[in-house]
Number of protein chains: 2
Amino acid sequence: MPAKSTDTKQEILSIARDLLKKVGYNAFSYSDISKQLNIKNAAVHYHYPTKEDLLADIVNTYIEDYKQLESGLAHSTLPAIDKVSVFADRYAHLIDLQSICIIGSVASDFYTLPEAVKDRVILLTNLVLGMVANVLEKGRTNGELFFAEDARTKALLIMTNLAAGVQLARITGKKDFESIRTALIAQLKK
Amino acid sequence: MPAKSTDTKQEILSIARDLLKKVGYNAFSYSDISKQLNIKNAAVHYHYPTKEDLLADIVNTYIEDYKQLESGLAHSTLPAIDKVSVFADRYAHLIDLQSICIIGSVASDFYTLPEAVKDRVILLTNLVLGMVANVLEKGRTNGELFFAEDARTKALLIMTNLAAGVQLARITGKKDFESIRTALIAQLKK
DNA sequence: TATAATACTTACTTACTAATAAGTAAAAAA
DNA sequence: TTTTTTACTTATTAGTAAGTAAGTATTATA
């Protein structure tokens, strides 16, 4: 008696998302996924014929997730600094999950990725950067945030701090990430 | 007629270093290396019995390289801002080689790395961060550089900008890295 | 000149990878 | 109630991975 297909497919996706962020695209296999679900290797192929299909779906779910976050932030009345903190918190949480951000993960494996996925990754990355830049620009206009660079550049600075900060935390510990987080929030306040 | 062993070993090391930075630890094989040198797979195993041995030697060469850079910078009379630029230039160069920095590479693959290597990676990372922090602290003491954070934190901020900037350049192009580079140099001047 | 070490090649093993074909039981649709 | 679809399992394939054992030239040493 097989479980509802959509459940299994969602679980595959969820496990694959975690593995991608934990060990990267080239270091997880269909077997890693199937073992966690107590199903066979071929069952994963039933839902995702190729690993490329699976990766594409993972990236697409992140695009959807970030679109939702974007519209959530756009309608939110949170102070701009708290919106930035939302991002910082998300990255801090990755450390506890022994993960890095997907963009960092796929960037590291970029030249081994299927071509079709690269375009979706580019879309995802610009979505995230654009969203952060918007938050920053609005915050500056409202007199809530202070920075000298153009908004895109400041978004690049902050997101690279966070993304590499999470990677670095694997090596030197979470304390370094917290120093980064504290510093970049402080910078925006003056 | 086999070539001088040390030559082959050095070439293996050099190719492996490049592959590590290009595709990561899990995405290159002994076959990738042997093909480039027109030797057999087993010849690589002769010089490096296991992939762990090879990775350990790679990390150790980077430790040596950075120790040399450290003493070079310590004795240099270059303005502090130019010393920072040395780092930025190194990272910019990685983009042209389709590479990312080793620390970023091994951080992404950290949980799939052999245990013995992790300690050397920690050493390497703290070496680099310490060196940058030293340059920054000296520069501030001399009135050449300006920043509000403690030197370690500012080193973290700059190195995460550079490391993730190089990764991001794979996705969105080198222009974003140049924005980052320009901004962080400008920040240090006022 | 004999011996030993060096730097390989040939040939192989074990283990895993993504992927597929064919079969099966349960559920849904006709 | 029959048929079809769904969601798998079983079994297999072709390819590649790291790693090894045994053999072979070449070079260095005694």
Side-chain angles (χ1 to χ4, degrees), chain A residues 1-20 22-59 105-106 108-109 111-118, chain B residues 1-20 22-59 105-106 108-109 111-118:
Chain A
M1 45 172 177
K4 193 85 170 295
S5 169
T6 50
D7 293 358
T8 302
K9 190 168 184 176
Q10 284 305 308
E11 285 179 294
I12 290 169
L13 195 60
S14 170
I15 291 167
R17 279 169 61 125
D18 289 347
L19 285 168
L20 181 64
K22 225 171 255 181
V23 299
Y25 185 64
N26 297 300
F28 79 85
S29 69
Y30 272 37
S31 166
D32 293 327
I33 297 168
S34 63
K35 275 174 192 160
Q36 283 195 46
L37 290 172
N38 284 313
I39 57 177
K40 299 298 164 182
N41 177 28
V44 182
H45 280 282
Y46 171 77
H47 293 286
Y48 292 104
T50 71
K51 205 177 173 184
E52 173 172 350
D53 295 325
L54 176 55
L55 179 63
D57 209 18
I58 294 173
V59 175
S105 174
V106 295
S108 297
D109 295 336
Y111 293 115
T112 68
L113 296 187
E115 282 304 317
V117 177
K118 291 185 187 175
Chain B
M1 46 174 177
K4 192 84 171 295
S5 168
T6 50
D7 293 359
T8 302
K9 189 167 185 175
Q10 284 305 310
E11 285 178 293
I12 290 169
L13 195 60
S14 171
I15 290 167
R17 279 170 59 125
D18 289 347
L19 285 169
L20 181 65
K22 225 171 255 180
V23 299
Y25 184 65
N26 297 302
F28 78 86
S29 69
Y30 273 36
S31 165
D32 293 327
I33 298 168
S34 63
K35 276 173 192 159
Q36 283 194 44
L37 289 172
N38 281 313
I39 59 177
K40 300 296 164 182
N41 177 29
V44 181
H45 281 282
Y46 171 77
H47 293 285
Y48 292 103
T50 71
K51 206 177 172 185
E52 173 172 351
D53 296 325
L54 176 55
L55 179 63
D57 209 17
I58 293 173
V59 175
S105 174
V106 295
S108 297
D109 295 336
Y111 293 115
T112 67
L113 295 187
E115 282 304 317
V117 177
K118 291 184 186 176

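Letters A, B, ... are given to chains in the order of the sequence lines, protein chains preceding strands, and every chain is numbered from 1.
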Nearest-Å distance for atom pair [atom1]/[atom2], residues [X] and [N]:
X	N	atom1	atom2	result
B/D53	D/dA18	CG	P	13 Å
A/L55	C/dA18	CG	C1'	14 Å
A/L113	C/dA18	CG	C1'	16 Å
B/I39	C/dA7	CD1	P	12 Å
A/Y30	D/dT12	OH	P	23 Å
B/E11	C/dA7	CD	P	13 Å
A/I33	D/dC8	CD1	C1'	16 Å
A/D7	C/dA27	CG	C1'	15 Å

| message | Applying a 4.0 Å non-hydrogen cut-off, can you work out what A/Y48 is touching in the nucleic acid: base, sugar-phosphate, or nothing? | response | nothing
If you only use heavy atoms from C-beta on, which nucleotide in [options] is closest to the side chain of [X]?
X	options	value
A/A42	D/dA11, C/dA18, D/dG19	D/dA11
B/H45	D/dT9, C/dT17, D/dT20	D/dT20
A/K40	C/dT9, D/dC8, D/dT9	D/dT9

Heavy-atom pair with the smallest gap, counting every atom of [X] and [Y]:
X	Y	result
A/L19	A/I33	CD1-CG1, 3.8 Å
A/N26	B/A27	ND2-CB, 3.7 Å
B/T8	B/L37	O-CD1, 4.4 Å

| said: Check for me whether A/K40 meets the cation-pi criterion with A/Y46, that is, NZ or CZ under 6.0 Å from the six-membered ring centre and within 45 degrees of the ring axis. | reply: no
| field | B/Y25 six-ring centre to B/K51 NZ/CZ under 6.0 Å and within 45° of normal | value | yes
Phosphate OP1/OP2 of [N]: any [X] side-chain N/O under 4.0 Å:
X	N	result
A/T50	C/dA18	no
B/T8	C/dC8	yes
A/H47	D/dC8	yes
B/Y46	C/dA7	yes
A/S29	C/dT17	yes

| note | The answer to which of A/V44 and A/N41 contacts DNA chain D further toward the 5' end, by nearest nucleotide, is A/V44
